[in-house]
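See structure below.
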Amino acid sequence: MSFIIAIDGPAGSGKGTITKRVANKIDFLRLDTGALYRCLTLEVIRNKIEINDIPKMTDIVRNMKIEFVPNEDMDELDYVFLNKENVTKEIRSNEVNNIISVISSIKEVRNEMLQIQRNIAKEKNTIMEGRDIGTVVFPNADLKIYLNADIEERARRRYKENMEKGISTTYEEVLQILKNRDKIDMEREVAPLKKAEDAIEIDSTNMSIEEVVDKVVELYYNKFKKLKWLK
């Protein structure tokens with residue numbers, strides 16, 4: 001029986017960095033669900049597929065091969081390979097950021113992704129981050145965390161990340177993209193972004209990465225001990 005940690009939260013809240021570091025500390029499988037949707041979005045853009053062409057999108061989901069390769073640098077996300085091509089940088093471009101929320105809100109697409117995510121976490125202790133992990137993908141997750149931060153701080157983090165990756169943008173552009181994404185993610189009809197009733201919220205606005213990591217690890221060990229005692 002695997003232990004599932006679900007981390008949800010808005011774009012730029014640090015979910016990717018936190019899940020990577022926590023996974024490394026407690027030896028869990030880390031699954032970046034956002035990267036799955038980013039790979040699909042990149043394929044949609046590359047193949048010039050219309051947003052309303054749902055059959056073609058679901059076909060891409062069923063056939064795309066995605067591999068996560070660990071990056072030893074704890075300040076960097078893992079490498080993402082789409083059909084054997086390293087697309088780590090491409091999936092975080094502004095072009096992808098501009099439409100990923102629209103594509104990820106499509107019910108048929110989410111249903112296909114749902115099965116992929118659940119199958120991956122069946123046999124291994126997994127920490128997974130996204131928008132609806134604790135509410136839809138794993139509503140019975142052993143530990144649910146809602147990671148949040150002020151939008152200005154999230155924009156600052158994302159802008160810095162883009163600069164370090166050589167992605168040309170301005171802070172104002174990043175801030176507007178995040179505002180648009182928040183609106184779409186929270187108001188979409190299918191699996192909107194929201195805090196699960198039993199999730200523990202962590203506001204990382206004024207916290208360092210290590211402080212957030214330590215808090216998540218502490219919550220995990222406390223929950224693990226409790227579950228072990230109950231058994």
Side-chain angles (χ1 to χ4, degrees), residues 7-21 23 29-51 53-54 56-106 109-110 112-114 116-117 120 126-133 137 147 154-155 157-170 173-178 180-182 184-185 188 191 193:
I7 298 185
D8 290 311
S13 58
K15 300 186 302 298
T17 300
I18 299 306
T19 54
K20 177 176 181 176
R21 294 199 175 203
L29 169 70
R30 173 185 173 274
L31 179 57
D32 182 354
T33 61
L36 297 176
Y37 286 102
R38 286 178 176 279
C39 285
L40 168 61
T41 303
L42 182 62
E43 285 290 81
V44 167
I45 293 171
R46 285 178 168 180
N47 292 283
K48 296 181 172 58
I49 296 173
E50 297 294 331
I51 296 297
D53 195 339
I54 297 175
K56 283 188 179 180
M57 287 191 200
T58 55
D59 189 56
I60 288 176
V61 176
R62 296 189 189 108
N63 292 286
M64 64 182 184
K65 306 298 181 184
I66 299 176
E67 181 184 6
F68 296 99
V69 177
N71 185 332
E72 294 182 359
D73 186 343
M74 283 296 104
D75 291 327
E76 294 290 339
L77 297 179
D78 292 336
Y79 299 111
V80 181
F81 285 78
L82 171 61
N83 300 325
K84 297 184 178 181
E85 175 193 356
N86 186 341
V87 295
T88 308
K89 181 177 179 179
E90 287 79 0
I91 63 173
R92 300 192 180 278
S93 67
N94 283 339
E95 195 174 13
V96 169
N97 288 336
N98 282 331
I99 65 170
I100 184 174
S101 287
V102 176
I103 291 176
S104 64
S105 68
I106 298 172
V109 169
R110 299 199 72 84
E112 290 291 334
M113 289 291 192
L114 187 66
I116 292 174
Q117 295 164 38
I120 291 175
T126 304
I127 180 167
M128 195 177 301
E129 55 96 351
R131 301 290 192 283
D132 63 346
I133 307 304
V137 183
L147 187 60
R154 289 190 279 128
R157 293 173 183 172
R158 183 56 57 84
Y159 173 71
K160 180 181 177 183
E161 179 183 291
N162 286 348
M163 291 299 96
E164 292 173 346
K165 288 179 167 37
I167 300 174
S168 179
T169 186
T170 66
E173 288 174 335
V174 173
L175 180 62
Q176 190 57 52
I177 287 174
L178 288 184
N180 293 341
R181 262 194 98 174
D182 282 356
I184 293 174
D185 288 344
R188 68 190 181 202
L193 168 65

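All residue numbers refer to positions in the sequence shown, counting from 1.
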Quick check for you: to the nearest 0.5 Å, what is the distance between [X] atom [atom1] and [Y] atom [atom2]?
X	Y	atom1	atom2	result
T126	Q117	OG1	CD	11.0 Å
T17	R21	OG1	CZ	7.0 Å
S101	Y37	OG	OH	11.0 Å
I167	E90	CD1	CD	9.0 Å
D8	R131	CG	CZ	9.0 Å
L193	R181	CG	CZ	10.0 Å

Can you list the steps and then say if D59 with N63 is a side-chain hydrogen bond (donor to acceptor under 3.5 Å, both in side chains)? CA-CA 6 Å; D59 189 56; N63 292 286; 3.2 Å; yes
For [Y], is there any backbone N or O sitting under 3.5 Å from a side-chain donor or acceptor partner on [X]?
X	Y	answer
S104	I100	yes
R188	A191	yes
N47	E43	yes

Checking R38 against N97 for the side-chain hydrogen bond (donor to acceptor under 3.5 Å, both in side chains) test, could you report, in this order, the C-alpha distance in whole Å, the side-chain angles of both residues, the deciding distance, and whether it holds? CA-CA 8 Å; R38 286 178 176 279; N97 288 336; 2.8 Å; yes
List in chain and number order the residues that pass side-chain contact (heavy atoms from CB on, under 4.5 Å) with [X], two or more places apart in sequence or in another chain; answer none if no residue qualifies.
X	value
M64	C39, L40, I60, I66, L82, N83, M113
D182	P10, I151, R154
I120	L29, L31, I116

Who passes salt bridge (Lys or Arg N to Asp or Glu O under 4.0 Å) against E112, sequence neighbours left out?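 With neighbours one apart ignored, the set is R62.
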Set of salt bridge (Lys or Arg N to Asp or Glu O under 4.0 Å) partners for K89, sequence neighbours left out: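 By the salt bridge (Lys or Arg N to Asp or Glu O under 4.0 Å) rule, K89 matches no residue at all.
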Does some side-chain heavy atom of [Y] sit less than 4.5 Å from a side-chain heavy atom of [X]?
X	Y	result
V87	F81	no
M163	T169	yes
V44	M57	yes
I91	V80	yes
I45	V96	yes
I51	I103	yes
K84	K65	no

Just do the side-chain contact (heavy atoms from CB on, under 4.5 Å) check on F68 and T88 with the steps written out, would you? CA-CA 10 Å; F68 296 99; T88 308; over 6 Å; no
May I ask you to say whether D78 pairs ionically with R30, meaning some side-chain N is under 4.0 Å from a carboxylate O?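 Looking at D78 and R30, the cut-off is met.
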Using the side-chain contact (heavy atoms from CB on, under 4.5 Å) rule, take V137 and D132 through it: C-alpha gap first, then chi angles, then the decisive distance, then the call. CA-CA 6 Å; V137 183; D132 63 346; 3.7 Å; yes
Inter- and intrachain pairs under salt bridge (charged side-chain N to carboxylate O under 4.0 Å, His left out), touching residues 91-102, at least two apart: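 Residue pairs passing salt bridge (charged side-chain N to carboxylate O under 4.0 Å, His left out), neighbours aside: D32-R92.
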If you look at every heavy atom in G14 and L147, which pair is closest and at what distance?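 Taking G14 first and L147 second, the nearest heavy atoms are C-CD2, 3.8 Å.
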